[in-house]
Q: 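Structure incoming, see below.
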There are 2 protein chains.
Amino acid sequence: MSDEPRAGSTPAHVDGDAAIIRGEEPPSARVPLSRERVVDAAVVFIDEHGLPGLSMRRLGAILGVEAMSLYRYVPGREQLLDAVVERIVDEMAADPDVIDRPEHGWQDFLQRLAHGIRRVALRHPNAFPLVASRPAEAPWLRPPLRSLRWVEAFLVGLGDEGFGDDAVAEAYRAFTSFLLGHLLLEVASLGADLGPLDVVEEDVDSSLAPYPAVRRLKPALRQDHSAMEFEESLENLLQRMALIKDER
Amino acid sequence: MSDEPRAGSTPAHVDGDAAIIRGEEPPSARVPLSRERVVDAAVVFIDEHGLPGLSMRRLGAILGVEAMSLYRYVPGREQLLDAVVERIVDEMAADPDVIDRPEHGWQDFLQRLAHGIRRVALRHPNAFPLVASRPAEAPWLRPPLRSLRWVEAFLVGLGDEGFGDDAVAEAYRAFTSFLLGHLLLEVASLGADLGPLDVVEEDVDSSLAPYPAVRRLKPALRQDHSAMEFEESLENLLQRMALIKDER
DNA sequence: CGACAAGGCTTACGTCGTAAGGCTGTCGAG
DNA sequence: CTCGACAGCCTTACGACGTAAGCCTTGTCG
């Protein structure tokens, strides 16, 4: 995302939109493809069909192009997935409720950040596990924040609000662990609901015979209190952070 | 693990060990292979070389066998990975510090369970993400517990200790979220340490120029306080659970 | 001794990521 | 107006993958 627009050695772009307005409609609506379009298509595909189905060939087909053409914009599949993660995480930048630094205290700041990521996760249930499982580039870029931008915002934000260096670091670790656990499980249960409906309720019930407690509590365990529990756990976390802040 | 040893329609086993003691040493030490050996080899391979390198062909080669022979013991690659997860999680059964039900209160019980899983995770840093990311078979089998056995133990244990049904369910969700977040990040940071050493420190430092806070706090962020933070967060979680218990 | 079955091997198909190089349409320089 | 450069896409090709189908070997027991 840093060196894409600056490769502007060819200032004369084909203005497809203008051409269309002029009623020219070039054959097969030739918008020249770009790294952005490729990554976008990958995100859309994953959202709709899940990770495992995504191949360079299929992605090319979707874009009306052979697989090898994608390699002009992306070094390979792995890097494409990295780009997908980056794009998804950076969606938060467009979220008006997420702010770059504290305006009404650090607790409000972190609340907004946490809910911002949660919205991202819920918007991309199929892609979010990528954010969690892709190896981080550096030990301080912990999922699900993962981008220097947000990590920097976090550190500066809490620093400005009176957290010492060690307190900021510890708060950062606690914050990320909390988010990762909650959100991963939330999107997982989301996928499970829409997932395999092939097993009839009867089968489950009978195979659960040796586990009476699971069987009995099944309705309670299936219930979705994610939103509430997220809220409460976050609240608790923020209280603990207040202690961290004052202790160090 | 349930139907393996019961397929004992052929009571006359080739006793490879006895043969070896007799100095016979059958050609290429033919131990007949088995689902257990296959799964074990997969676990060992993942521990040593990581998931992405594991293919049916390579696994076969390790066992001195063609890839297709594995299909006699495992339906396919996906199911093999499921079996790997199951085996890893069930390692806890052999952990003497983990107990099946509370003996000195539910807090002690959960402490043991939590540390048991943590030990498993740290023993298999490369395989643990599988435990987390593999789609669960049912909404109540949340990672990283994942097996009916442990879920049942959890539910019964807390039920016996005076938790109501809803309280048990909520406690279960909180417990799993906590474990997942903490352990995933802990094994990830473990992998990152032994991981890519190809980037020199200089490069990182210079590329961090626009992010002064990250740069300044890098030493603090790299420090590993996992054990302590696990302990403290767990302690806090147990306190919250006590509230859950009394509230409902 | 002959039949059988378990366990491993061979072959084959379709899909994958991607290296190497070929074609074509567009555009600035002469 | 022509021509060469070059960006953008395509073709071909290779090796690895998961796995379906069927063959061959070897040890067991009637």
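Convention: sequence-line order gives letters A, B, ...; per-chain numbering from 1.
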Q: What is the minimum heavy-atom distance between Leu80(A) and Ala42(A), and which atoms define it?
A: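 Answer, listing the atom of Leu80(A) first, then Ala42(A): CD1-CB, 4.1 Å.
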
Q: Distance check needed: dC23(D) P versus Glu66(B) CD, whole Å only.
A: 18 Å

Q: Base, sugar-phosphate or nothing for Met56(B)? Non-hydrogen atoms, less than 4.0 Å.
A: sugar-phosphate

Q: Can you tell me how far C1' of dC17(D) sits from CZ of Arg77(A), to the nearest Å?
A: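 Checked: the CZ to C1' distance equals 13 Å.
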
Q: Atom OH of Tyr71(B) to atom P of dC17(D): distance rounded to whole Å?
A: 11 Å

Q: How many Å lie between CE on Met68(A) and P on dG22(C), as a whole number?
A: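 Whole-Å distance recorded here is 14 Å.
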
Q: If only side-chain N and O atoms of Tyr73(A) are considered, is one of them under 4.0 Å from the OP1 or OP2 phosphate oxygen of dC9(D)?
A: yes

Q: Kindly give the heavy-atom pair with the smallest separation between Arg77(B) and Leu54(B), and that separation in Å.
A: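 The pair with the smallest heavy-atom distance is NH1-O, 2.5 Å.
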
Q: Considering only dA12(C), dG8(C), dC9(D), which nucleotide approaches the side chain of Val65(B) most closely?
A: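 Output: dG8(C).
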
Q: Which atom pair, heavy atoms only, marks the closest approach of Met56(B) to Leu70(B)?
A: O-CD1, 3.4 Å

Q: Give a yes/no answer on whether the side chain of Ser69(A) brings an N or O atom under 4.0 Å of OP1 or OP2 in dG8(D).
A: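 No, because none of the side-chain N or O atoms of Ser69(A) sits under 4.0 Å from OP1 or OP2 of dG8(D).
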
Q: Within the structure, does a side-chain N or O atom of Arg72(B) lie under 4.0 Å from either OP1 or OP2 of dG7(C)?
A: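 No, outside the criterion.
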
Q: Side chain of Arg57(B) only, please: which of dG18(D), dT10(C), dG17(C) is the nearest?
A: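 Of dG18(D), dT10(C), dG17(C), dG18(D) is nearest to the side chain of Arg57(B).
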
Q: Roughly how many Å is it from CG in Leu33(A) to C1' in dA7(D), rounded to a whole number?
A: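 The distance from CG of Leu33(A) to C1' of dA7(D) comes to 12 Å, rounded to the nearest Å.
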
Q: Identify which nucleotide among dC16(C), dA21(D), dC17(D) has an atom closest to any side-chain atom of Ser55(B), counting heavy atoms from C-beta outward.
A: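 That would be dC17(D).
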
Q: To the nearest angstrom, how far is Leu70(B) atom CG from dC17(D) atom P?
A: 13 Å

Q: Round to the nearest Å and state the distance from Leu54(A) atom CG to dT18(C) atom P.
A: 12 Å

Q: Can you tell if the side chain of Arg118(B) reaches within under 4.5 Å of the side chain of Glu186(B), non-hydrogen atoms only?
A: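 The answer is yes; the side chains approach within 4.5 Å.
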
Q: Taking only the side-chain nitrogens and oxygens of Arg58(B), find out if one of them lies under 4.0 Å from OP1 or OP2 of dA16(D).
A: no

Q: Are Asp47(B) and Arg123(B) close enough for a salt bridge, meaning some N to O gap below 4.0 Å?
A: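 Judged by the 4.0 Å cut-off on N to carboxylate O distance, Asp47(B) and Arg123(B) do not form a salt bridge.
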
Q: Rounded off to whole Å, could you give me the CG-to-P distance for the Leu51(A) and dC16(C) pair?
A: 15 Å

